[in-house]
Amino acid sequence: MKDIIIAIIKDAISACKDKGLLTVAEFPSIILEKPKREGFGDFATNAAMLIASKEGKQPRKVAELIVKEISDKTGIIKKLDIAGPGFINILIDKNCWERVLKDIETAGNKYGHTDIGKDRKVLIEFVSANPTGPLHIGHARGAAVGDTLANILKASGYDVTKEYYINDRGVQVYTLGNSVRFRYLELHGKEVEPPQDYYKGEYVKDIARDFAAKYGSNVDVESTEVIISFVDFAKDALLAQIQKDLEDFGVKFDKDEWFSEKEKLYDASSMPVLQALDKLEEKGVTFLEDDAMWFRTMDFGDDKNRVLIKKDREFTYFASDVAYHLNKIERGFDTIINVWGADHHGYEARIRAIFKALGYDDKMLKIVFIQLVTLLRNGAPVPMGKREGEFVTLRQVIDEVGKDACRFFFLMRKSDAHLDFDLELAKKQAPENPVFYVQYAHARISSIIKHAKENGISIPAYEEIDLSLLNQDEELAIIKTLASFPDIIKGCATSLEPHRLTFYLQELAGIFHPYYNKNRVVTDNIELSKARLFLCNAVKIVIKNGLALLNVSAPEEM
RNA sequence: GCGCCUGUAGCUCAGCUGGAUAGAGCAACAGCCUUCUAAGCUGUGGGCCAGAGGUUCGAAUCCUCUCAGGCGCGCCA
């Protein structure tokens, strides 16, 4: 609908240009928006004002010229107005809105899907928590955002690859193994000093117990082989747990979507990390100083230069980043999305430096930052001291409030804004709980449909209904809201802001519930019942499609 | 000290990439159940968009500075 109108306006501007009425040196990008006030029509465009400012003419005069040249062959436009400083307000013929209902019926569970991302390959990396502990609430928000974004991009026609980067080599996993080894010894009554900076969480003891169950109580804890097996055992156990937690959260990474740093970047025969550093060296952006190898990231906008190989010959974490991002680039993605905790924003400049130094446009890299979550219980923040291992895990929150509320709540805010997660509210079976409110609209419609069926009325086909019976303002408002759904999804996809979808669903539920309250759907008037039932079912389809993108269930009854 | 994010109604937040008289949900107040789910609905009040300049036809939105809060600034991972 929007596209058709944009095309009509573009034609009108071109016509003005052809006739020499306007110069239009630079063709403006037509923005069609929904005016805030009723009475300003269904759409408004500021095109005339944009052109006027470039040509030094009065906006209203330009608007008049454009309006005169508009030729609407489709009959979609009912009325055109010039208003305010030079807006062109457009009123759509009511009959045209009704086509939306036909679109929804035809597209069904694909309504809202578009092909704006056709032939574009996108990689989205998210969670990527180190396998040194269970997922906590901060990871969970990133998981919800990343997964939903992936769903939205897929629905928008992009070729989407999800990825979880496993940091499975280096000091951290070694420390984890060592922590398990310590608990193992403790378990067998050996008094030993705990290792430095060991992982203190209870889960380490559990893993030590499992290790003992598998390998017995008499392993030679001093042998290198056994120490390695502590590391591998612990890492594998945690990865399995992370994977399980994610799946219960509705996030599924396929087998080849787990990217192991150790296997993929430090493969002993090819050593991709070395190849990547060689490439940087070829570009002349590295140097040696104090027995270390550096990357001159300052030449590409970073605050300071960064070390790639330390003087003890170890690769830095950043060296892995170089290799990993080169790997991503070489896989041929058009867009590379990293979903990061906001505490990593200091890393953005150096990652962008990798792209620039290797001769790639860093615009292909999009970073979505996830701000911290504060859990609230009875209005007070739940204390979270990660240091002593007392963080709240994803598992605990799923167990307490359920997957649906959890996912929905994480998407109720812009991802780079702090989020207060009210546990009591999330559990509440009441309308002030937004996820409940939306799901309930779906369940309520299901209930109506069931009731109608019991009264011998099934959901009619579009051709069977008399659309003129849907003549109330509320009904038109619902239809218009349903019509905007594809634009909402598009907006989410292009801005990488999935929270817009949760807001939309709340808005839709927010106009449906009052409508329901005011109007009885199933009555003795069969024709009216059919028309309203059809409309309700359209609302149901859109809510279901929206919830599906969030991976939140759409219950038939509650 | 430098960088990033945030600052909008009593609270929690939207504000569609610069548009018209700034919105929603809670909370507060006043009402509404013989009904397809009251697990719901209707109405009212509530604002110096942190502050000050600037850019222009037009700013909550863009720029500069100030204030307040959060985070980040290792040859850590």
Side-chain angles (χ1 to χ4, degrees), chain A residues 31-37 40 44-46 49-50 52-53 58-60 83-87 89 130 132 167 169-175 197 289-294 303-304 306-318 320 341-349 369 371-372 376 379 412-414 416-420 422 425 428-434 436-437 439-441 443-455 484 487-488 490-492 494-495 497 499-500 502-504 506-507 510 513-523 529 532-533 536 557-558:
Chain A
I31 293 173
L32 211 57
E33 49 170 28
K34 195 165 48 177
K36 280 182 186 149
R37 295 182 64 83
F40 284 158
T45 180
N46 59 350
M49 289 182 281
L50 292 175
S53 65
Q58 286 182 11
R60 291 190 68 109
F87 285 102
N89 290 337
N130 291 339
T132 54
N167 183 215
R169 65 171 290 282
V171 179
Q172 293 199 69
V173 281
Y174 176 78
T175 304
D197 296 326
E289 195 176 291
D290 299 334
D291 290 330
M293 180 184 179
W294 297 68
D303 296 340
K304 45 188 81 169
R306 307 289 170 183
V307 170
L308 294 165
I309 302 178
K310 300 188 279 180
K311 76 175 156 203
D312 65 4
R313 317 283 260 155
E314 268 296 314
F315 293 100
T316 60
Y317 190 85
F318 182 51
S320 296
D343 55 341
H344 283 69
H345 63 71
Y347 292 70
E348 178 166 4
F369 289 105
Q371 270 294 353
L372 294 176
L376 298 177
M412 288 200 312
R413 300 283 175 265
K414 228 181 337 195
D416 59 357
H418 293 264
L419 170 70
D420 285 331
D422 186 333
L425 181 62
K428 210 178 264 184
Q429 300 287 298
E432 63 259 35
N433 177 357
F436 173 85
Y437 191 67
Q439 286 182 315
Y440 180 53
R444 175 170 258 177
I445 295 170
S446 304
S447 177
I448 296 169
I449 292 169
K450 196 173 150 209
H451 181 261
K453 201 172 180 184
E454 284 161 10
N455 286 274
S484 68
D487 282 330
I488 297 294
K490 270 190 223 172
C492 289
T494 54
S495 65
E497 291 181 355
H499 73 278
R500 294 187 192 182
T502 53
F503 277 89
Y504 171 81
Q506 291 179 77
E507 187 190 327
H513 284 304
Y515 172 73
Y516 163 89
N517 191 254
K518 192 174 158 191
N519 300 285
R520 212 185 150 76
V521 176
V522 181
T523 60
S529 299
R532 288 181 175 172
L533 193 61
C536 287
E557 54 186 43
M558 294 177 79

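Computation of the quantities below employed the complete heavy-atom set of this structure, encompassing side-chain atoms and omitting hydrogens, waters and symmetry-equivalent molecules. These figures come from a predicted structure and were not determined experimentally. Below, chains carry the letters A, B, ... as their sequence lines are ordered, and counting in each starts from 1.
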Query - N-glycosidic conformation, B:C33 - syn within 90 degrees of 0, else anti - result: syn
Query raised in the report: How many Å lie between OH on A:Tyr317 and C1' on B:C76, as a whole number?
Result: 11 Å
**Report entry** Gap in Å between the two C1' atoms, one belonging to B:A9 and one to B:C26, rounded
**Finding:** 12 Å
Requested in this report: With C1' as the reference atom in both, quote the distance from B:G18 to B:G54 in angstrom, rounded to an integer.
Outcome: 15 Å
Query raised in the report: Do A:Thr523 and A:Arg520 come within less than 4.5 Å of each other through their side chains, counting heavy atoms only?
Result: yes
**Report entry** Within-4.5 Å side-chain heavy-atom neighbours: A:Cys492 and A:Glu497
**Finding:** no
Requested in this report: Decide yes or no for A:Pro85 and A:Arg60: does some side-chain heavy atom of the first lie under 4.5 Å from some side-chain heavy atom of the second?
Outcome: no
Query raised in the report: If you measure from the P atom in B:U17 to the same atom in B:C13, how many Å do you get, rounded?
Result: 23 Å
Query raised in the report: Would A:Phe87 count as stacked on B:G19 if the rule is ring centres under 5.5 Å and plane angle under 30°?
Result: no
Query raised in the report: If the C1' atom of B:C32 is compared with that of B:A38, how far apart are they to the nearest Å?
Result: 10 Å
Query raised in the report: Hey, does A:Ser495 reach any base, or is it just sugar-phosphate, or nothing, if we go heavy atoms under 4.0 Å?
Result: base
Report summary line: Counting primed atoms, P, OP1 and OP2 as sugar-phosphate and everything else as base, the B/S/- map of nucleotides 34-39 of chain B against protein heavy atoms under 4.0 Å is -BBBSB
Report task. Measure the spacing between CG of A:Asp291 and CZ of A:Arg313 and express it to the nearest 0.5 Å. Result -> 9.0 Å
Report task. Could you tell me whether A:Phe503 contacts a base, only the sugar-phosphate backbone, or nothing, with contacts defined as non-hydrogen atoms closer than 4.0 Å? Result -> sugar-phosphate
Query raised in the report: A:His513 NE2 to B:C32 C1': how many Å, rounded?
Result: 17 Å
Requested in this report: Provide the distance between the two C1' atoms, one in B:A60 and one in B:A20, to the nearest whole Å.
Outcome: 15 Å
Query raised in the report: Is there a donor on the side chain of A:Asn46 or the base of B:A20 sitting less than 3.5 Å from an acceptor on the other?
Result: no
Requested in this report: Using a 4.0 Å heavy-atom cut-off across all strands, classify A:Ala83 as base, sugar-phosphate, or nothing.
Outcome: base
Report task. Would you state whether a donor and an acceptor, one from the side chain of A:Tyr347 and one from the base of B:C76, lie under 3.5 Å apart? Result -> yes
**Report entry** Value rounded to 0.5 Å, distance of CG in A:Asp422 from CD in A:Glu432
**Finding:** 10.0 Å
Requested in this report: Whole angstrom is fine here: how far is it from CG in A:Leu32 over to P in B:G19?
Outcome: 13 Å
Query raised in the report: Do side-chain atoms of A:Thr316 reach the backbone of A:Ile309 as a donor and acceptor pair under 3.5 angstrom?
Result: no
Query raised in the report: With rounding to whole Å, what would you report as the distance between B:G7 and B:C63 at their P atoms?
Result: 14 Å
Query raised in the report: Where does B:U17 fall, syn or anti, if syn means a chi angle no more than 90° from 0?
Result: syn
**Report entry** A:Glu557, CD atom: more than 12 neighbouring heavy atoms under 6.0 Å
**Finding:** no
Check: protein-nucleotides 1-8 of chain B nitrogen or oxygen pairs below 3.5 Å:
residue, atom, partner, partner atom, Å
B:G3, N2, A:His345, NE2, 2.8
B:C4, O2, A:His345, NE2, 3.3
B:C5, O2', A:Asp416, O, 3.0

**Report entry** d(CE, A:Met412; P, B:C13) in whole Å
**Finding:** 10 Å
Query raised in the report: Do the side chain of A:Arg306 and the main chain of A:Trp294 share a donor and acceptor less than 3.5 angstrom apart?
Result: no
Report summary line: Whole-Å distance, A:Glu497 CD to B:C13 P, equals 16 Å
Query raised in the report: So do the side chains of A:His418 and A:Gln371 get within less than 4.5 Å of each other, counting heavy atoms only?
Result: yes
Query raised in the report: Can you find a heavy atom in the side chain of A:Arg169 that is under 4.5 Å from one in the side chain of A:Tyr174?
Result: no
Requested in this report: Looking at every strand, decide which applies to A:Asn89 at a 4.0 Å heavy-atom threshold: base, sugar-phosphate, or nothing.
Outcome: base
Query - Nearest-angstrom distance, C1' atom, B:G23 to B:C5 - result: 24 Å
Report task. Mind calculating the distance between CG (A:Leu308) and C1' (B:C76) to the nearest angstrom? Result -> 15 Å
Query raised in the report: So, is A:Lys304 near the phosphate of B:G74, with a side-chain N or O under 4.0 Å from OP1 or OP2?
Result: yes
Query raised in the report: Is there ring stacking between A:Phe40 and B:A20, where the centres must be under 5.5 angstrom apart and the planes under 30 degrees?
Result: yes
Query raised in the report: Which nucleotide in the list B:G19, B:C75, B:C26 gets nearest to the side chain of A:Glu432?
Result: B:C26
Query - Closest-nucleotide ordering on RNA chain B, the 5'-leading residue of A:Phe315 and A:Leu372 - result: A:Leu372
Query raised in the report: Would you say the side chain of A:Tyr437 lies within less than 4.5 Å of the side chain of A:His513, judging by non-hydrogen atoms?
Result: yes
Query - A:His344 and A:Tyr347 aromatic ring geometry - parallel, tilted or perpendicular at 30°/60° bounds - result: tilted
Report task. Quick one: label A:Asp487 by what it contacts on the DNA or RNA (base, sugar-phosphate, nothing), any heavy atom closer than 4.0 Å. Result -> nothing
Report summary line: Paired runs of 3 or more consecutive Watson-Crick or G-U pairs involving RNA chain B, with both pairing distances under 3.5 Å, are B:1-7 with B:67-73, B:10-13 with B:23-26, B:28-32 with B:40-44, B:50-54 with B:62-66
Query raised in the report: Which is true for A:Pro85 with a 4.0 Å heavy-atom rule: it touches a base, it touches only sugar-phosphate, or it touches nothing?
Result: base
Query - B:U61 to B:U6 separation - C1' atoms, rounded to the nearest Å - result: 15 Å
Query raised in the report: Quick one: does A:Thr175's side chain get under 4.5 Å of A:Thr132's, heavy atoms only?
Result: no
Report task. Tell me what A:Gln439 touches on the nucleic acid: a base, only sugar-phosphate, or nothing, going by heavy atoms under 4.0 Å. Result -> nothing
Query raised in the report: In terms of the nearest nucleotide of RNA chain B, which residue is placed more toward the 5' end: A:Lys310 or A:Ala342?
Result: A:Ala342
Query raised in the report: Do side-chain atoms of A:Asn433 reach the backbone of A:Lys428 as a donor and acceptor pair under 3.5 angstrom?
Result: yes
